[in-house]
Q: 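Mind looking over this structure? Questions follow.
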Amino acid sequence: MADVTTAQDVVTYRESVAEGIAREMRRDPSVVCLGEDIGAAGGVFKTTVGLFEEFGPERVWDTPISEQAIVGAAMGAAMTGMRPVAEIMFSDFLACCWDYLANEIPKVRYMTGGQVTVPLVIRTANGGGLGFGAQHSQSVENWALTVPGLKIAAPSTPADVVGLMASAIRSDDPVVFFEHKGLFASKGRPAPDGHVVPFGEAAVLRQGADVTLVALASTVPLALTAADRLAAEGIEAEVLDLRCLIPLDVTAVLRSVERTSRLVVVEENPYQGGWGGTVVSVVADEGFELLDAPVKRVAGANVPLPFADALEDQVIPTVDKVVDAVRSLATY
Amino acid sequence: MTETTATDLLALHETMTLIRRTEKAAHDLFLSGLVKGTTHLAAGHEAVAVGTRSALQDGDYAFATYRGHHHAIAWGATPEECLAEFMQRSTGLNKAKGGSMHLTKAEAGMLGSYAIVGAHLPIAVGAAWSARLRKTDQVSVAFFGDGATNIGAFHEALNLASVWKLPVLFVCENNFYMEYTPIASVTGVGNPAADRAPSYGIPAEVIDGNDVVAVRDAVARAAGRARAGDGPTVLEAQTYRHYGHSRTDPAKYRPDGELERWLERDPLTVSAGRLREAGTSDDDIKAAEDRAAAVVDQAVAGAKAAPQADLSEAFTDVWADGGAAWRT
Ligand SMILES: Cc1ncc(C[n+]2csc(CCOP(=O)(O)OP(=O)(O)O)c2C)c(N)n1
Ligand SMILES: [Mg+2]
């Protein structure tokens with residue numbers, strides 16, 4: 001991971017989750033939280049610490065281990081005037097309530113001819129790198145991407161956690177908000193007061209003329225570290241943090257490829273069905289003439305995630321894999 | 001208990017007739033090729049819908065299943081809006097984007113018909129939770145079939161409603177069959193909904209779902225408890241569907257004589273009997289039925305004359321801003 005910490009990097013990604021939620025709960029009494037162990041316990045990842053103390057049991061609700069009831073109840077509340085923020089502890093568990101993400105929440109507005117809105121947020125701890133094994137380590141943002149009707153955010157920095165959380169909670173559309181487990185301990189600058197990051201705006205985190213690296217969440221620090229290493233070899237990489245998958249800022253990607261003529265997508269979800277496939281298909285369709293080399297995807301391998309650190313490294317993106325992919329393009 | 005006067009009862013009888021006639025029209029329009037896709041007719045279930053709605057207040061919420069035409073109408077959708085929806089017309093209740101299985105009249109509190117068995121029970125619980133959070137006295141009702149009592153969402157919903165003591169009514173329309181298989185052959189208890197309720201600490205009643213007054217009284221009791229802060233109730237209304245499961249089902253699996261026995265207890269026969277007992281004349285009953293029939297005749301004509309679905313609607317209503325943009 002990139003060691004780019006500076007003296008201003010004083011808040012963690014983890015505490016920024018609670019900060020982002022708290023800011024919205026202070027300004028809007030219709031925001032309520034529900035989930036397993038999120039109350040006095042502060043969440044198993046400690047991402048809701050302080051909310052129960054500040055807002056009390058009528059705004060922060062501990063639930064049974066009932067993923068369908070959690071997300072289903074959030075939907076019913078959202079349809080009737082509340083702005084619920086539901087936590088699904090590990091994103092792998094979204095499979096237990098997938099009906100709500102695939103069939104109910106994204107469909108109900110459309111199939112009723114616009115009669116209802118569903119302003120809710122489903123937050124979930126996503127991704128690998130911590131040795132939690134096959135059922136607690138997956139990057140599943142691509143699951144959500146298969147379903148029209150869900151907005152998808154996946155921040156990489158503490159300030160973006162706060163700014164995207166503001167947009168997510170204020171959104172009148174349903175949002176799946178992926179918090180990366182591997183980033184919880186990372187630090188960054190605090191979000192300024194009133195910080196809002198609009199959905200669908202990728203951030204250019206590093207400029208470079210030779211290759212575009214498109215990243216999301218955990219792969220952002222990977223891409224930045226790879227870019228530092230490549231710079232030492234004389235290759236200047238431009239690093240884009242998509243921040244959201246829906247709306248997808250393909251305009252920013254095309255604009256960058258226009259400058260660099262080379263594209264590497266770095267995604268933690270599996271190569272099969274991963275979001276990079278959608279990004280590169282848009283570039284192939286609308287930016288074919290911009291490219292001077294084939295596109296590359298550095299993605300999760302098409303295997304369940306193994307437990308051992310050394311094995312896990314084999315199958316998820318690493319700095320080395322990104323550097324190798326870029327080198328192979330540079331000599332193309 | 002809510003008192004039901006002869007005048008009230010005549011109005012309930014008229015609404016039930018409106019539903020029955022609409023279902024018959026949907027069936028006929030299907031046979032003449034004007035209704036596409038599928039339909040799950042609720043003829044036989046009218047008393048559950050009309051009895052429940054009549055015991056509730058404006059502002060309360062309802063969540064129904066794909067077998068939901070009767071609920072949509074009981075909550076204020078017009079037969080013409082419904083038939084236009086089945087016939088894919090731009091004037092359809094859901095702008096021809098939902099169809100028979102998803103009838104919704106949100107402005108009246110009827111917040112949708114859901115076609116994944118059991119999925120709407122947690123959603124109804126969420127609406128009840130919202131009522132509590134907003135400190136209103138609204139009640140939320142989930143209608144579901146006997147088959148839904150064996151899916152996980154039913155159990156998660158009952159438990160959450162119980163621990164949070166929410167103002168929600170779980171109304172099971174037990175018509176004794178899932179699609180083609182009797183519920184009794186796949187369920188470990190005799191009353192699929194009511195017998196599960198005690199394990200969640202929820203009071204339950206098995207009621208005559210073909211008697212609109214029995215339904216109305218039971219719902220009034222349950223709603224009273226809910227509004228008083230005493231939590232959810234499970235009502236298991238025993239009833240029977242007159243048609244097969246869906247439009248393709250001739251219902252050959254029913255034992256001989258079963259349908260006939262239930263037709264003797266047709267909810268419209270039961271309510272007409274109650275009306276006569278209360279002193280309503282046959283002429284008044286017939287006049288109410290004729291009014292309902294005339295509304296449905298006009299509805300059929302209106303729906304047939306309405307324009308086909310507006311093509312631009314394919315790309316509206318994904319997002320709250322009305323659009324469907326997924327990218328920059
Ligand atoms: C989760 C799920 N499984 C299966 C189906 C297919 N299906 C549709 S209706 C139905 C029977 C449901 O029976 P019941 O709950 O008794 O309702 P009824 O149709 O009798 O009103 C089935 C199995 C479905 N729609 N959803
Ligand atoms: Mg049934």
Side-chain angles (χ1 to χ4, degrees), chain A residues 29-30 32 34 58-59 61 63-82 84 96-97 99-100 102-104 106-119 148-149 151 171-173 200-202 245-254 278 282, chain B residues 61 63 85 92-99 101-107 109 111-116 118-134 136 138 140 152-153 155-161 163-164 166 313 316-322 324-328:
Chain A
S30 70
V32 285
L34 74 166
E58 283 292 306
R59 309 257 328 257
W61 292 67
T63 66
I65 306 166
S66 299
E67 277 72 16
Q68 298 189 67
I70 293 169
V71 174
M75 176 179 169
M79 289 165 69
T80 54
M82 303 303 294
C96 300
C97 52
D99 177 43
Y100 292 89
N103 293 320
E104 315 298 339
K107 308 281 197 278
V108 71
R109 178 171 173 78
Y110 188 85
M111 73 187 190
T112 62
Q115 293 186 54
V116 298
T117 52
V118 194
K151 293 200 166 161
S171 166
D172 287 334
D173 296 311
E201 285 187 15
L245 290 181
I246 299 289
L248 186 63
D249 193 1
V250 281
T251 308
V253 176
L254 287 164
T278 301
V282 174
Chain B
Y61 298 121
F63 296 82
E85 182 69 21
L93 189 59
N94 298 21
K95 298 199 278 191
K97 293 164 84 164
M101 296 200 282
H102 301 300
L103 295 183
T104 302
K105 184 84 177 176
E107 66 186 33
L111 293 183
S113 303
Y114 297 81
I116 308 295
H120 59 301
L121 276 74
I123 305 171
V125 168
W129 179 49
S130 157
R132 167 159 165 193
L133 292 167
R134 290 180 286 107
T136 70
Q138 292 163 293
S140 171
H155 297 270
E156 292 193 11
L158 262 65
N159 184 59
L160 191 67
V163 289
W164 288 0
L166 297 176
E313 287 293 347
T316 65
D317 298 328
V318 175
W319 307 123
D321 68 6
W326 63 277
R327 53 168 284 192
T328 57

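Chain A is the first sequence line, chain B the second, and so forth, proteins listed ahead of strands; every chain is numbered from 1.
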Q: With the side chain counted from C-beta on, respond yes when B:V318 and A:P148 share a heavy-atom pair under 4.5 Å apart, and no when they do not.
A: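 Side-chain contact under 4.5 Å: no.
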Q: Please find the pair of heavy atoms, one from B:G118 and one from A:Y100, that lie closest to each other, and give the distance.
A: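 Answer, listing the atom of B:G118 first, then A:Y100: O-OH, 4.3 Å.
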Q: Heavy-atom cut-off 4.5 Å, strictly under: side chain, backbone, both or neither for A:V282 against chain B?
A: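 It is the side chain, since no backbone atom gets that close.
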Q: Which one, A:I65, A:N103, A:V118, leads in non-hydrogen pairs under 4.5 Å with chain B?
A: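 Ranked by heavy-atom pairs under 4.5 Å with chain B, first place is A:N103.
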Q: When rounded to the nearest 0.5 angstrom, what distance separates NE2 in B:H102 from CD in A:Q115?
A: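 B:H102 atom NE2 to A:Q115 atom CD measures 13.0 Å (nearest 0.5 Å).
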Q: With a 4.5 angstrom heavy-atom cut-off, which part of B:A325 approaches chain A: side chain, backbone, both or neither?
A: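 For B:A325, no heavy atom lies under 4.5 Å from chain A.
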Q: Let's test your reading of the structure: which of A:P247, A:A69, A:A74 forms the most heavy-atom pairs below 4.5 Å with chain B?
A: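 Top count of heavy-atom pairs under 4.5 Å with chain B: A:A69.
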Q: Is it true that the side chains of B:T328 and A:D249 contain a donor and an acceptor less than 3.5 Å apart?
A: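 Their side chains do contain a donor-acceptor pair, which is all the 3.5 Å distance test asks for.
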Q: Could you pull out the closest heavy-atom pair between A:D173 and B:A320, with the gap in Å?
A: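 The answer is OD1-N, 2.6 Å.
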Q: So for A:E104, is it side chain, backbone, both, or neither that comes closer than 4.5 Å to the heavy atoms of chain B?
A: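 Answer is side chain: those atoms of A:E104 sit under 4.5 Å from chain B.
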Q: With a 4.5 angstrom heavy-atom cut-off, is it the side chain or the backbone of A:K151 that approaches chain B, or both, or neither?
A: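 Both parts, backbone and side chain.
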Q: Find the distance between CE (A:M111) and NZ (B:K97) and round it off to the nearest 0.5 Å.
A: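 Reported value, rounded in 0.5 Å steps: 12.5 Å.
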Q: When rounded to the nearest 0.5 angstrom, what is the spacing between OG1 in A:T117 and CH2 in B:W319?
A: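 A:T117 OG1 to B:W319 CH2: 13.5 Å, rounded to 0.5 Å.
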Q: Go through it in stages, so that I can follow the logic: the residues are B:W164 and A:L34, the test is side-chain contact (heavy atoms from CB on, under 4.5 Å), and I'd like the CA-CA distance, side-chain angles, deciding distance and then a yes or no.
A: CA-CA 12 Å; B:W164 288 0; A:L34 74 166; 4.2 Å; yes
Q: Using non-hydrogen atoms only, which part of A:E67 is less than 4.5 Å away from chain B: side chain, backbone, both, or neither?
A: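 Looking at A:E67, just its backbone touches chain B.
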Q: Quick one: do A:W61 and B:L133 satisfy side-chain contact (heavy atoms from CB on, under 4.5 Å)? Show the steps, please.
A: CA-CA 11 Å; A:W61 292 67; B:L133 292 167; 3.8 Å; yes
Q: Hey, is the main chain of B:E156 close enough, under 3.5 Å, to the side chain of A:Q68 for a donor-acceptor pair?
A: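 No, because the side chain of A:Q68 does not come within donor-acceptor range (under 3.5 Å) of the backbone of B:E156.
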Q: Top residue by heavy-atom pair count (under 4.5 Å) with chain A, among B:R132, B:H120, B:E107?
A: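 It is B:R132.
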Q: Below 4.5 Å from any heavy atom of chain B, which atoms of A:V108 appear? Answer side chain, backbone, both or neither.
A: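 Just the side chain, heavy atoms under 4.5 Å.
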Q: Counting only non-hydrogen atoms closer than 4.5 Å, does A:V253 touch chain B with its backbone (N, CA, C, O), its side chain (CB onward), both, or neither?
A: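 It is neither, since no heavy atom gets under 4.5 Å.
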Q: Can you tell me how far CZ of B:R327 sits from CD1 of A:I246, rounded to the nearest 0.5 angstrom?
A: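 Going from CD1 on A:I246 over to CZ on B:R327, the span is 10.5 Å.
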Q: Non-hydrogen atoms of chain A under 4.5 Å away: do they reach the side chain of B:Q138, the backbone, both or neither?
A: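 Neither part; nothing is under 4.5 Å.
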Q: Find out whether B:W326 and A:L245 are in side-chain contact, i.e. whether some heavy atom of one side chain is under 4.5 Å from a heavy atom of the other.
A: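 Heavy-atom side-chain distance check fails, nothing below 4.5 Å.
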Q: Side chain, backbone, both or neither: which part of B:S140 has an atom under 4.5 Å from a heavy atom of chain A?
A: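 B:S140 has no heavy atom closer than 4.5 Å to chain A.
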Q: Please look at A:T112 and chain B and tell me whether the side chain, the backbone, both or neither of the residue comes under 4.5 angstrom of a heavy atom of that chain.
A: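 Contact with chain B is through both the backbone and side chain of A:T112.
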Q: Scan the side chains in residues 122-130 of chain B for donor-acceptor partners under 3.5 Å anywhere in the protein, sequence neighbours excluded, and list what turns up.
A:
residue: B:S130; atom: OG; partner: A:T80; partner atom: O; Å: 3.1
residue: B:S130; atom: OG; partner: A:T80; partner atom: OG1; Å: 2.8
residue: B:S130; atom: OG; partner: B:R134; partner atom: NE; Å: 2.9
residue: B:S130; atom: OG; partner: B:R134; partner atom: NH2; Å: 2.9

Q: So which of B:I116, B:D317, B:D321 has the biggest tally of heavy-atom pairs under 4.5 Å with chain A?
A: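 Going by pairs under 4.5 Å, I would pick B:D317.
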Q: I need the A:K107 NZ to B:Y114 OH distance, nearest 0.5 Å.
A: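 Nearest 0.5 Å value for the NZ-OH distance: 13.5 Å.
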